[in-house]
Amino acid sequence: GHLPSDYALSDVSYLKAKNVVDAQSIHSPTWNQVAANLHVVLAPNDILRVADVGAGVLSMLSLLLKGQHDKKALLQMIKVKGVEYFAYEPNKSLLEACRENLKRLGFQLQTESEHELIYHRSNQNVTVHLRMMDFTNDDRCDEVQPNLIVGCCFADLMDPHELVESLLRFTAATHNDMTLVYFPITFAGITQFLPPQPFGTRANDATRRTIPSDTTAFHMYSKALSTRHGHNLDPDKLVAAMSDYGGTLLHRGPSNWKIDPTDNEYLWKTMLYFFGTVGASEMMKQGYDSVGWVDRAWEQRPSIEVTNIDLLFRLDSSETVSGLIERTGSERKDHDEMEIKEIQFTAPYEVGTITKTVYTKDGAHLGPNQVEVRSVCSLISSGTELKIFKGMFDDAALDVNIDGMADERMAYPLSYGYSLVGRVTRCGSNVENDLLGRLVFTFSPHSTHVIVDRGSLQIVPNGIDPKDAIFMPSVETALSMVHDAHVRVGEKVAVFGQGLIGLLVTAILSNQVIPGTVTTFDGIPERLSASAAMGSSQALLPMEAASAGPFDVSIDVSGNAGALQSAIDNTRSGGRVIVGSWYGNADVNLKLGIDFHRSHKTIKTSQVSEIPAELTALWSKERRFALTWDLVRQLRPSRLITLQTTLANAKGAYEALDQG
């Protein structure tokens, strides 16, 4: 693209501009957890020792000393005698900028050598050791003895296992019982423009090459970062690597960048420069008009959103381990009674926790074919359960095709939920004992324990994490919609609504159709980011539906009548509209006038409880379950989790869902 004449790339200007957005974006609860964990191990007479391994213009020092925006200073949240701050920066061209920043913060130079500059500030007794080198090359790292390692915008730049091994070597000589490792602003792989633009062409381009959609262009940008520059764009790989070496994830939270073209002008221009220089070659390989894409962005000046994660780990000084020992049901001590806590909906917008006491001596609470399951985690349905929370339902059987629900009515008071994963802790007399301790899935309400028939359990396949396994019904629902849509090779498909089910539909479609043919719509920018991560070719705001269409197949999973109308309006004549949303007892008004009447469009509902009649010759529930588990393993849907809570705080979770 064409750079504006007033722009010149400067490392110093870039880092200063970036640090402003970093300070705004850092996840406050995770930052507070840094302080809370340090408070446990440090006494008022201790010295806090910090190693900043990515100290671009002393990145985290100001936040530690003064706090910024809604973040308190670390030294306000913990009481220590002083701080030894080891700042590592291998880019020697930044030395003068580091000096200036330290002077601005009130530091005075104490000593200077070839390898280290030492600054001190008597206020708060803080000493900064500025080492202009990569932390991995420091042959004096045994002096550091860090309580805290920080690396802002750093952890995604290395292979996860190489990074963790480097940290272990760096802390090998430490005398501390544990070291906290804090990686704020870790890139999670998704960048987007707002508003995002669809595929297009330049009117004056004789070659008529296609300008990629913003979503597709950023897919190629991410590919270049990963394949050509060695970046890791999946924070979960870092979490897994830390776990492999005995590290523990203490906290995580979103720290997305929001870069405004006016308020953050220099950073905005620099990001466009990066997009063009890094992503252009991948676009050109695919035959896209990369110059047209960059020029379109310069002209339209969209805001830029980047998905980041803040991660806080603990590294113990004891010998590293590669696995965890889990308690199984065979280790459970026998008691005469057991308390079971579960959530119960009592009225619209009212949900709480109830406690049941069950007599358990000698397995009296179990029938011969029943098992007791201790819950590990369960998943809230953002569709059905939210409607129950809001009272938007009619009295009916809960689900005529799920054991235990056919005889229950959808009426208050109501215990509900259908995605629970746990471990078998006791078996009835007719149930095989080798089931004890096994990880299982059950269609059961949110509860600490459940008692279910053996026949209604599904054993979670080996290698699937419990937090992925709870998504099994959601993945099956998405799979059933894809089956009902019957998308043929080459057809253009649109998915309206990128809540959980919509995202999973997008992921499944993106893995089975020709690239560039799946378009998604949602009005929430964070969902568009997630949609891009799940494989959408162009993740757009609803206002772009007419320009991006028409589509051969449209799938509505929005729960919004306006989106359903848009799906109908933007489907080709003879096309198919699949309605996967449950609208509860709400009135849905649609305009089905003369154009629709003449269009020969098909509107079909999709519901997961039964195999559709036209598929029963080939598909059974057992076959679909088997494929669903394969998809759970492949898609790793737990990366979509945005909030984790306890039964006691369930009402807050439903309120958060209701607020979008």
Side-chain angles (χ1 to χ4, degrees), residues 25 27 187-198 213-219 222 233 235 252-259 302-309 379-387 471 474-475 477-478 481-482 493-510 518-545 548 551 554-564 566-567 570 578 580-582 635-644 653-660:
S25 305
H27 187 239
F187 183 38
I190 299 299
T191 309
Q192 66 175 341
F193 287 146
L194 287 178
Q197 296 299 311
S213 72
D214 291 339
T215 306
T216 294
F218 283 123
H219 280 317
S222 294
L233 308 186
R252 66 186 294 168
S255 52
N256 298 340
W257 276 355
K258 300 181 188 299
I259 304 172
S303 62
I304 301 170
E305 293 210 0
V306 181
T307 58
N308 303 306
I309 297 289
L379 180 70
I380 292 176
S381 160
S382 57
T384 304
E385 285 184 60
L386 187 56
K387 286 185 170 56
F471 285 86
S474 301
V475 174
T477 298
M481 291 182 192
V482 173
V493 57
V495 184
F496 289 80
Q498 290 294 280
L500 173 59
I501 302 301
L503 290 169
L504 294 172
V505 169
T506 298
I508 295 171
L509 284 170
S510 298
V518 179
T519 301
T520 55
F521 298 97
D522 204 287
I524 300 175
E526 289 78 10
R527 290 185 176 182
L528 296 180
S529 295
S531 184
M534 300 306 275
S536 171
S537 307
Q538 44 182 1
L540 304 172
L541 294 170
M543 66 183 71
E544 298 293 338
F551 305 100
S554 294
I555 302 174
D556 166 48
V557 278
S558 66
N560 182 295
L564 175 56
S566 184
N570 292 291
I578 308 301
S581 297
W582 177 47
L635 299 177
R636 294 189 298 111
S638 62
R639 55 194 165 127
L640 298 173
I641 293 174
T642 56
L643 175 66
Q644 300 182 57
Y654 289 105
E655 290 172 342
L657 276 176
D658 188 32
Q659 293 164 9

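- Among all heavy-atom pairs drawn from L194 and P525, the shortest one is CD1-CB, 3.4 Å.
- Counting only heavy atoms from C-beta outward, the side chains of L541 and L528 approach each other to under 4.5 Å.
- In this pair, F521 and F496 present their aromatic rings parallel. The plane angle is below 30°, not in the 30 to 60° band.
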request  = Given side chain to side chain contact (heavy atoms under 4.5 Å, CB included), test L233 with I190 step by step and report yes or no.
outcome  = CA-CA 8 Å; L233 308 186; I190 299 299; over 6 Å; no
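- Screening D556, V495, L504, V557 for a side-chain contact (heavy atoms from CB on, under 4.5 Å) with M481, the sole residue that qualifies is V557.
- With rounding to the nearest 0.5 Å, the separation of CD1 in I259 from OG1 in T191 is 8.5 Å.
- Judged by distance alone, the side chain of D658 and the main-chain N or O of Y654 form no donor-acceptor pair under 3.5 Å.
- S558 contributes no side-chain N or O that, together with a main-chain N or O of A563, makes up a donor-acceptor pair within less than 3.5 Å.
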ask   = What's the verdict on side chain to side chain contact (heavy atoms under 4.5 Å, CB included) for S474 and L379, showing C-alpha distance, side-chain angles and the deciding distance?
value = CA-CA 9 Å; S474 301; L379 180 70; 3.8 Å; yes
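- Within the 4.5 Å cutoff, the side chain of I555 has heavy atoms near those of the L509 side chain.
- In plain terms, the two heavy atoms of L503 and A530 that are nearest each other are CD2-C, 3.7 Å.
- Taking each heavy atom of D214 and P195 in turn, the nearest pair found is OD2-O, 4.2 Å.
- Not a single donor-acceptor pair under 3.5 Å links the side chain of S531 to the backbone N or O of R527.
- Atoms CD1 and CZ, on I309 and R639 in that order, are 12.5 Å from each other to the nearest 0.5 Å.
- Scanning both residues, H219 and S536, for their nearest heavy atoms gives NE2-O, 2.9 Å.
- Taking every heavy atom of both residues into account, W257 and N308 meet most closely at N-ND2, 3.4 Å.
- Residue A567 comes nearest to S554 through the heavy atom pair O-OG, 3.5 Å, listed as atom of the first residue, atom of the second, then distance.
- The residues E526 and K258 are annotated as salt-bridged, a charged nitrogen and a carboxylate oxygen being separated by less than 4.0 angstrom.
- With rounding to the nearest 0.5 angstrom, the CD1 atom of I501 is 5.0 Å from the OG1 atom of T477.
- A donor-acceptor distance shorter than 3.5 angstrom exists from the side chain of S510 to the backbone of G535, with no hydrogens or angles considered.
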query = Hey, mind stepping through V493 and T519 against side chain to side chain contact (heavy atoms under 4.5 Å, CB included) and telling me if it holds?
reply = CA-CA 6 Å; V493 57; T519 301; over 6 Å; no
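- There is no side-chain donor-acceptor pair under 3.5 Å between E305 and S529.
- Distance CD/Q538 to CD/E544: 9.0 Å, rounded to 0.5 Å.
- Between I508 and L635, some side-chain heavy-atom pair lies under the 4.5 Å cut-off.
- Taking CZ of F218 as the reference point, atom CD of Q192 lies at 8.5 Å (rounded to 0.5 Å).
- Side-chain atoms of P254 and T307, non-hydrogen and from C-beta on, never get closer than 4.5 Å to each other.
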task = Mind running side chain to side chain contact (heavy atoms under 4.5 Å, CB included) on L640 and T642 for me, showing each step along the way?
result = CA-CA 6 Å; L640 298 173; T642 56; over 6 Å; no
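- Rounding to the nearest 0.5 angstrom, the gap separating the CG atom in L500 from the CG atom in L657 is 10.0 Å.
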